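I have placed the structure first, in the form of structure tokens, so that the comments after it can refer back to it.
What's counted below: heavy atoms across the whole structure, side chains too, no hydrogens, waters or symmetry copies. Keep in mind it's a predicted model, so treat the numbers as computed, not measured. Letters A, B, ... mirror the listed sequences (proteins, then strands); counts begin at 1.
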2 protein chains.
Amino acid sequence: MSSEADLVLLNSALTQLMRRLRDVDELQGVGRARLSALAVLRFGGACSASELAEREMVSRATMHHVLGGLEHDGLIRRNPDPEDARRHIITLTSRGRATIERAHRARITYLREVAADIAPGRLRSACEVLDRMRDVANRGAH
Amino acid sequence: MSSEADLVLLNSALTQLMRRLRDVDELQGVGRARLSALAVLRFGGACSASELAEREMVSRATMHHVLGGLEHDGLIRRNPDPEDARRHIITLTSRGRATIERAHRARITYLREVAADIAPGRLRSACEVLDRMRDVANRGAH
DNA sequence: CCATATTGTTAGCATTGCTAACAATAAGCT
DNA sequence: AGCTTATTGTTAGCAATGCTAACAATATGG
């Protein structure tokens, strides 16, 4: 039983906040898809290119291109899988890990600045609400 | 004085929720940049191509391409400005207006579903928090 | 052993973004 | 008036991110 006006406000706030986070990301000099792939590797662990494509909900061909760029920039390595000659296990290089951690820090720092004048209790409640919404949304997305 | 863990959670929830909203957008059969341009025209009013580019924080060349696609699909019109022969005033066609309103409805409907089990008071508070954060972020972005 | 599936790869396309250049037009200054 | 400068739309050309369709190499299941 949520108010229409609340949801409209939420939609535009989400959209514009996300745009600002994109601006923060762009300062890293690594594209969105590449940064996102690094994040999946960092927080989800090493895996094959196909599995990475699946986690990112992107085609294998697209992930192949993204990984090509990341490898060219020395942020990942493609290691042959000893148990399956078709596969490559994708791992972060130390530069790759440093890059994604720096980008993550930049986002958190930015969010802290932007939330500076929000009462801690209200902020926490809002985070819980969004986390719950994310959960419900992801449940439906599979 | 915001907790690190809250902000980390907020970042991932924002990112993933936004991805779901993108999925909803894609069902409209109109690309992101085009949908966004339609939204600016619908909720900000008719304006020139350059002004549209500025509002979307995108180059004139990029906006020119986006408008080309929208015009080709019959969603906007480029009308010569009687007061300035260089300019075109961009207006929505009725199909363009219908398209952006349908897309907006789809987003709101989706958010309502995803927030179905959140208590109205908590949801409202969360919306206010995000609205405030958006305000602060946009203040810094100009 | 043979059919089928999976994995990575390539080719080719569309969309979204950029910068650099250009012509037409407007605006400002002397 | 004329001359310079700024703005507007446009084009060309590039890069990144996405797609599908096809292919070879390899696994897997009968």
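- Close to C:dT9, at under 4.0 Å from its OP1 or OP2, lies a side-chain N or O of A:His64.
- For B:Arg78, a side-chain nitrogen or oxygen approaches OP1 or OP2 of D:dT10 to under 4.0 Å.
- The 12-atom threshold is exceeded at CZ of A:Arg78, counting heavy atoms of other residues, nucleotides or ligands nearer than 6.0 Å.
- Atom CD in A:Glu26 sits about 11 Å away from atom P in D:dT17, given to the nearest Å.
- One interatomic measurement links the two molecules: CZ of A:Arg32 to P of C:dC18, which rounds to 10 Å at whole-angstrom precision.
- Ion pairing of B:Arg132 with A:Asp117 is present here, as a side-chain N (NZ or NE/NH1/NH2) and a carboxylate O approach within less than 4.0 Å.
- Across the interface with DNA chain D, nearest-nucleotide mapping of A:Leu35 and A:Ala85 shows A:Leu35 to be the residue nearer the 5′ end.
- The shortest distance between the side-chain N/O atoms of B:Arg60 and the OP1/OP2 oxygens of D:dT10 is not below 4.0 Å.
- Salt-bridge formation is not detected for the pair A:Glu101/A:Arg105: no Lys NZ or Arg NE/NH1/NH2 atom is positioned less than 4.0 Å from an Asp or Glu carboxylate oxygen.
- Ion pairing of B:Arg122 with A:Glu128 is present here, as a side-chain N (NZ or NE/NH1/NH2) and a carboxylate O approach within less than 4.0 Å.
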Notebook entry, point to check: What's the verdict on side chain to side chain donor-acceptor pair (under 3.5 Å) for A:Arg19 and B:Ser36, showing C-alpha distance, side-chain angles and the deciding distance?
Noted result: CA-CA 12 Å; A:Arg19 202 173 274 215; B:Ser36 189; 3.2 Å; yes

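- Regarding contacts with the backbone of D:dT7, every side-chain N or O of B:Ser50 stays at 4.0 angstrom or more from both OP1 and OP2.
- Regarding contacts with the backbone of C:dT25, every side-chain N or O of B:Arg87 stays at 4.0 angstrom or more from both OP1 and OP2.
- Residue A:Leu67 contributes atom CG, which lies 14 Å from atom P of C:dT7 at whole-angstrom precision.
- Atom NE2 in A:His65 sits about 12 Å away from atom C1' in D:dT20, given to the nearest Å.
- Closest contact between the side chain of A:Val58 and the listed nucleotides C:dA26, D:dG18, D:dG13 involves D:dG18.
- Residue order along DNA chain D, read from the 5' end via each residue's closest nucleotide, puts B:Glu51 first among A:Met57 and B:Glu51.
- Checking B:Ser12 against B:Thr15 by side-chain atom types alone, no donor-acceptor pair falls below 3.5 Å.
- In this structure, the CG atom of B:Asp73 is 10 Å from the P atom of C:dT16, given to the nearest Å.
- A:Ser59 has no side-chain polar atom (N or O) that falls below the 4.0 Å cut-off from OP1 or OP2 of D:dG18.
- Closest to the B:Ala61 side chain, of the nucleotides D:dA27, D:dA21, C:dT19, is C:dT19.
- Atom-to-atom, NE2 of A:His88 to P of C:dT6 comes out at 19 Å; the value is rounded to the nearest Å.
- Between B:Ser48 and the phosphate of D:dT8, there is no side-chain N or O to OP1/OP2 separation shorter than 4.0 Å.
- For the pair A:Leu75 CG and D:dA16 P, the interatomic distance rounds to 13 Å; values are reported in whole Å.
- Listed nucleotides D:dA27, D:dT17, C:dC18 differ in distance to B:Thr62; the shortest reach to its side chain belongs to C:dC18.
- Put simply, the side chain of B:Arg86 and the base of D:dT7 share a donor and an acceptor less than 3.5 Å apart.
- Taking atom CG of residue B:Asp25 and atom P of nucleotide D:dG18, one finds them 15 Å apart after rounding to whole Å.
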